*Asks:* 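My questions will all concern the structure given below.
Atoms within a ligand are numbered from 1 in the order they appear, just like the ligands themselves. This structure is a prediction, so every number in the text was calculated from the model and none was measured.
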Amino acid sequence: MRTQIIQVEEIPTSVPFNSTLEISNNIHRHTHGFFKYPCKFIPNIPRWAILKYTKEGDLVLDPFAGSGTTLVEAVMLNRNALGVDFDKFSQLLCNTKTLKLSKDDLNFLSRIKDSLFNNVGLYKLPDIYNIEHWFPKENIKEFQTLKSNIDKIKDINERVYNFLLVCFASSIRKCSFADDTSPKPYVSSRIKKNPQKVKTTFYNLLDYYFNQMDSINIQKIGKSKIIGDDARNIKAEQYTNKVDLSITSPPYINAFDYVRSLRLENSWLGFYGDTNIIEIKKKQVGTEVIPIKDYIYKKPHSNSKKIDFLISKIYEKDKKRAFVVYKFFKDMELNINQVHKLLKSNSHYIIVVGDSTIRNIKVDTHNILIDIAKTKGFQLENLFSYIIKNRYLRIPRKGRGGLIKKDWVIDLVKI
Ligand SMILES: C[S@@+](CC[C@H](N)C(=O)[O-])C[C@H]1O[C@@H](n2cnc3c(N)ncnc32)[C@H](O)[C@@H]1O
């Protein structure tokens, strides 16, 4: 039977169970367009949940905050936002995008902006192997100068400093030899890219972001805070039973390596580099950095028959991937437990996920997560899906992860 697709501009308050929506969206409102972060979800999803389940002043949590889509929507609707993400660059984006710069900040920025390329001695080279493979020499020099000047502002005005870092990070890919369309950075040997000039790119972005920030004419916006760096262990006792809504899109299983994808930006920002990238990768939910001894000798076992059956099938074809799948669900179980603790009773946890195909075996991620959530004190309130239209937002995963064409929206309620 063909699924009926419902076309909508905004998600209606009540969505029919098991329906599929096609949503027109504006992904550039407010500060949403700052930096092309991979695998964002569309703002309509958190906006719908926030309007449906919270009122002004309430607390909204996103435990895999990414570029801060939930946090931005929450603060713009005058709710207070809490975010968790292990990636320092994500934290920088979340903090910057949810803070409306004051008139004084904007004036300060206007005053200093023309001096950002003045020669002041160079910022050290970032921790990137073979850096000239990625950037032309003159761009490396310009980035070094720019970073040195931005760093001088840190102690004078931290809000403007963060804003400039986001403009800086957004220029990096454009001014490199790396392909612009793929979320994962690589230099194509077939199609030679002409990197953009640093100064023009940076100032164009700065003007665009400045105008976006300046055009936020909402009088009262909420506050936002990063409260942790591990969605499996949030360590924020003070929010136990205090959160009114949690909404998130966790990483896909085995499909997207955020650390690799954001390595050029993180290296230039000094958050991590090529020498410690493996250690950082281990912290990701869905990580593929797994010691061989963990999966080679015995098949992993969970306490769910469905997961064990799936793992057995994958294990026959690929031991490592079987372990990756096992670990993903284990990590998500920990996360679901954490969110349950932080939510008030009768509050909702909304998880947006795509199913996967691993070694030609279908992984019914959304149904498995629902089963897990039921064992952790949640009830399923609703379930629907939406068609993925912008392929940069949710990544097409031919090959290892399969092609994801739609995302599921799982609406759980804490009982
Ligand atoms: C699908 S993205 C979230 C995108 C977000 N919804 C947005 O619109 O930008 C998943 C995020 O989970 C983060 N992540 C991965 N492992 C994590 C962990 N152990 N704890 C917290 N965040 C993690 C990644 O850094 C990434 O930003």
*Asks:* With the threshold set at under 4.0 angstrom, would you say Gly286 reaches ligand 1 through any of its heavy atoms?
*Replies:* no
*Asks:* Listing request: all ring pair (Phe, Tyr, Trp, His ring centres under 6.0 Å) pairs with a residue in residues 50-80, at least two apart in sequence or in separate chains.
*Replies:*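 Every ring pair (Phe, Tyr, Trp, His ring centres under 6.0 Å) pair that includes a residue of residues 50-80, provided the two are not neighbours, is Tyr53-His348.
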*Asks:* Look up atom CG in Asp85 and atom CG in Leu92, then write down how far apart they are to the nearest 0.5 Å.
*Replies:* 12.0 Å
*Asks:* Report the distance from atom NZ of Lys97 to atom CD of Gln212, rounding to the nearest 0.5 Å.
*Replies:* 11.0 Å
*Asks:* With a cut-off of 4.0 Å, which atoms of ligand 1 are near a heavy atom of Pro250?
*Replies:* 1 (C)
*Asks:* Against heavy atoms of Ala65, which atoms of ligand 1 measure under 4.0 Å?
*Replies:* 5 (C), 7 (C), 9 (O)
*Asks:* Does any N/O atom on Cys39 come nearer than 3.5 Å to any N/O atom on ligand 1?
*Replies:*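 It does not: no N or O of Cys39 is found under 3.5 Å from an N or O of ligand 1.
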*Asks:* Show which atoms of ligand 1 fall inside a sub-4.0 Å distance from at least one heavy-atom site of Ser67.
*Replies:*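 Heavy-atom distances to Ser67 below 4.0 Å select 7 (C), 8 (O), 9 (O).
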*Asks:* What atoms of ligand 1 come closer than 4.0 angstrom to any heavy atom of Lys40?
*Replies:*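 In order of numbering, the contacting atoms are 7 (C), 8 (O), 9 (O).
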*Asks:* Go through ligand 1 atom by atom and flag the ones less than 4.0 Å from a non-hydrogen atom of Gln284.
*Replies:* 16 (N)
*Asks:* Heavy-atom contacts with Arg232 under 4.0 Å: which atoms of ligand 1 show up? List them by number with element.
*Replies:*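 Heavy-atom distances to Arg232 below 4.0 Å select 19 (N).
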*Asks:* Determine whether the side chain, the backbone, both or neither of Pro63 has a heavy atom under 4.0 Å from any heavy atom of ligand 1.
*Replies:* backbone
*Asks:* Determine whether the side chains of Thr20 and Ser385 contain a donor N or O and an acceptor N or O closer than 3.5 Å.
*Replies:*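 Yes - a donor-acceptor pair under 3.5 Å links their side chains.
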*Asks:* Side chain of Arg173, backbone of Asp179: donor and acceptor closer than 3.5 Å?
*Replies:* yes
*Asks:* For atom 27 (O) of ligand 1, state which one of Tyr37, Phe64, Tyr252, Phe89 supplies the nearest heavy atom.
*Replies:*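 The residue whose heavy atom sits nearest atom 27 (O) of ligand 1 is Tyr37.
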*Asks:* Any carboxylate oxygen within less than 4.0 angstrom of a Lys/Arg side-chain nitrogen, looking at Lys313 and Glu316?
*Replies:* no
*Asks:* Out of Ile234, Thr69, Asp62, whose heavy atom sits nearest atom 8 (O) of ligand 1?
*Replies:*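 It is Thr69 whose heavy atom sits nearest to atom 8 (O) of ligand 1.
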*Asks:* If you count the atoms of ligand 1 from 1 in the order shown, which ones are under 4.0 Å from a heavy atom of Ala231?
*Replies:*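 Close to Ala231: 18 (C), 20 (N), 21 (C).
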*Asks:* Please confirm whether Ser249 approaches ligand 1 to less than 4.0 Å, judged on its heavy atoms.
*Replies:*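 Ser249: in contact with ligand 1 (<4.0 Å).
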*Asks:* Please, which pairs that meet ring pair (Phe, Tyr, Trp, His ring centres under 6.0 Å) have at least one residue in residues 207-242, sequence neighbours excluded?
*Replies:*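 Applying ring pair (Phe, Tyr, Trp, His ring centres under 6.0 Å) to every pair that reaches into residues 207-242, excluding sequence neighbours, yields Phe34-Tyr209.
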*Asks:* What do you reckon, are the aromatic ring centroids of Tyr326 and Tyr295 less than 6.0 Å apart?
*Replies:* no
*Asks:* Does any N/O atom on Asp230 come nearer than 3.5 Å to any N/O atom on ligand 1?
*Replies:* yes
*Asks:* Tell me whether Asp207 is salt-bridged to Lys113, with the criterion being a basic N under 4.0 Å from an acidic carboxylate O.
*Replies:*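 Yes.
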*Asks:* Any Lys/Arg nitrogen of Asp58 or Lys55 sitting under 4.0 Å from an Asp/Glu carboxylate oxygen of the other?
*Replies:*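 Counted as a salt bridge, because a side-chain N and a carboxylate O are separated by less than 4.0 Å.
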*Asks:* Any idea which of Tyr258, Phe86, Phe41 brings a heavy atom closest to atom 15 (C) of ligand 1?
*Replies:* Phe86
